[in-house]
Amino acid sequence: MIRTATPDDSSRLREIRMWLAEPTPGLLETALSGSGLVFVSTAEGRPVGYVLTTLGDDAYVAELAVEPAYRREGRGTRLLRTAVSAACERGCFGVSLTVHEENDVARALYDSLGFELWREEPDYYADGGTALVLGKEC
């Protein structure tokens, strides 16, 4: 099940975000306070994944994480579809995200949902890797 996250989910979501390579400090708490969109995927009523999107003229998917035990079940796909739909319904012109050039699994997911390469950002990641900025219009 996908639902909107609540502040009560924050401790559980902090546990899940530990699976991210480079989470943004403080962003989760800021988004949960109402300045962004956060949706969770649940198993037996407990969050096992989430997507966090910041809003402006365009929406930006800042974090997408699913616990390893719950991957390959379509949760990431459903979370991302929900985030894109919600951003477009709120009047955003498009949705973008950033992915490491070597993250083939994530790139395949984004490609399957119609995201296209908008630009590259060399030396973006701590390991010196290039970020691919992908996006799609609403």
Side-chain angles (χ1 to χ4, degrees):
M1 178 174 115
I2 305 292
R3 65 169 172 77
T4 301
T6 68
D8 290 340
D9 295 320
S10 65
S11 65
R12 180 72 186 116
L13 298 184
R14 280 193 302 276
E15 292 173 11
I16 297 168
R17 80 189 300 249
M18 291 173 30
W19 292 103
L20 295 173
E22 295 183 23
T24 304
L27 183 60
L28 180 60
E29 290 74 19
T30 300
L32 284 171
S33 71
S35 66
L37 298 173
V38 183
F39 296 100
V40 297
S41 175
T42 62
E44 299 175 11
R46 179 177 166 234
V48 296
Y50 75 94
V51 62
L52 184 158
T53 307
T54 60
L55 300 173
D57 289 340
D58 286 325
Y60 179 72
V61 177
E63 296 182 354
L64 173 62
V66 176
E67 282 190 57
Y70 295 93
R71 292 179 185 165
R72 302 280 188 205
E73 297 178 354
R75 291 175 188 276
T77 300
R78 288 190 300 275
L79 283 165
L80 193 53
R81 278 191 182 133
T82 300
V84 168
S85 178
C88 292
E89 286 173 8
R90 289 178 184 241
C92 292
F93 297 117
V95 179
S96 64
L97 53 84
T98 307
V99 62
H100 195 291
E101 65 185 339
E102 295 179 1
N103 190 341
D104 294 332
V105 173
R107 289 177 61 193
L109 166 64
Y110 305 144
D111 185 54
S112 75
L113 294 175
F115 282 82
E116 298 176 344
L117 179 64
W118 282 2
R119 69 180 180 280
E120 295 182 15
E121 299 283 341
D123 299 317
Y124 182 88
Y125 291 101
D127 68 358
T130 296
L132 305 178
V133 179
L134 308 178
K136 66 184 292 177
E137 295 180 6
C138 285

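Positions are given from 1 along the sequence.
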Exercise. Which of these passes side chain to side chain contact (heavy atoms under 4.5 Å, CB included) with Leu117: Leu134, Val133, Val99, Asp111?
Worked result: Leu134

Exercise. Counting only heavy atoms not in Trp19, do more than 12 sit closer than 6.0 Å to its CH2 atom?
Worked result: no

For this session: Provide the closest heavy-atom pair for Arg71 versus Val66 in the form atom of the first, atom of the second, distance.
Result: NE-O, 2.7 Å

Exercise. Are the side chain of Thr30 and the backbone N or O of Gly26 linked by a donor-acceptor pair below 3.5 Å?
Worked result: yes

Exercise. Do you reckon Val40 sits in the same ILVMFWY cluster as Leu55, going by side-chain contacts under 4.5 Å, direct or chained?
Worked result: no

For this session: Check each of Glu102, His100, Glu101 against Thr130 using the side chain to side chain contact (heavy atoms under 4.5 Å, CB included) test, and report the only one that passes.
Result: Glu101

Exercise. Is the distance between the SG atoms of Cys138 and Cys92 less than 2.5 Å?
Worked result: no

For this session: Report whether Leu64 and Val84 are members of the same hydrophobic cluster (ILVMFWY, side-chain heavy atoms less than 4.5 Å apart, transitive linking).
Result: yes

Exercise. Do Leu27 and Thr54 have side-chain heavy atoms sitting under 4.5 Å apart?
Worked result: yes

Exercise. Between Leu132 and Tyr124, is there a shared hydrophobic cluster once you connect ILVMFWY residues whose side-chain heavy atoms come closer than 4.5 Å?
Worked result: no

Problem set entry | Sole candidate of Thr82, Asp9, Thr42 that passes side chain to side chain donor-acceptor pair (under 3.5 Å) when paired with Arg3 | Asp9

Problem set entry | N-O pairing of Glu29 and Arg14 below 4.0 Å | yes

For this session: Verify the cluster assignment for Leu79 and Tyr110: are they in a single hydrophobic cluster under the rule of side-chain heavy atoms below 4.5 Å apart?
Result: yes

Seminar exercise, completed: Output for pair (Tyr50 OH, Leu20 CG), nearest 0.5 Å, gives 4.5 Å

Exercise. Does one hydrophobic cluster hold both Val38 and Tyr70, with members joined at side-chain heavy-atom distances below 4.5 Å?
Worked result: no

Problem set entry | Non-hydrogen side-chain atoms of Phe115 and Leu109 separated by less than 4.5 Å | no

For this session: Would you check if Glu63 and Ile16 make a side-chain contact, meaning some heavy-atom pair closer than 4.5 Å?
Result: no

Seminar exercise, completed: Tightest non-hydrogen contact, residues Phe93 and Asp58, listed as CB-OD1, 3.4 Å

For this session: Identify the two heavy atoms, one from Gly128 and one from Asp123, that lie closest to each other, and give their separation to 0.1 Å.
Result: O-OD1, 3.3 Å

For this session: Kindly give the heavy-atom pair with the smallest separation between Arg75 and Ser41, and that separation in Å.
Result: NH1-OG, 2.8 Å

For this session: Please name the pair of heavy atoms, one in Ala5 and one in Leu13, separated by the smallest distance, quoted to 0.1 Å.
Result: CB-CD1, 4.1 Å

For this session: Please name the pair of heavy atoms, one in Thr98 and one in Tyr125, separated by the smallest distance, quoted to 0.1 Å.
Result: CG2-OH, 3.4 Å

For this session: Give a yes or no on whether Glu137 atom CD has more than 12 heavy-atom contacts from other residues, nucleotides or ligands under 6.0 Å away.
Result: no

Problem set entry | Side-chain heavy-atom pair Val61, Val95 within 4.5 angstrom cut-off | yes

Problem set entry | Interatomic spacing from OG1 in Thr24 to CG in Leu52 - rounded to 0.5 Å | 8.5 Å

Exercise. Does Leu37 reach the side chain of Arg90, with side-chain heavy atoms less than 4.5 Å apart?
Worked result: yes

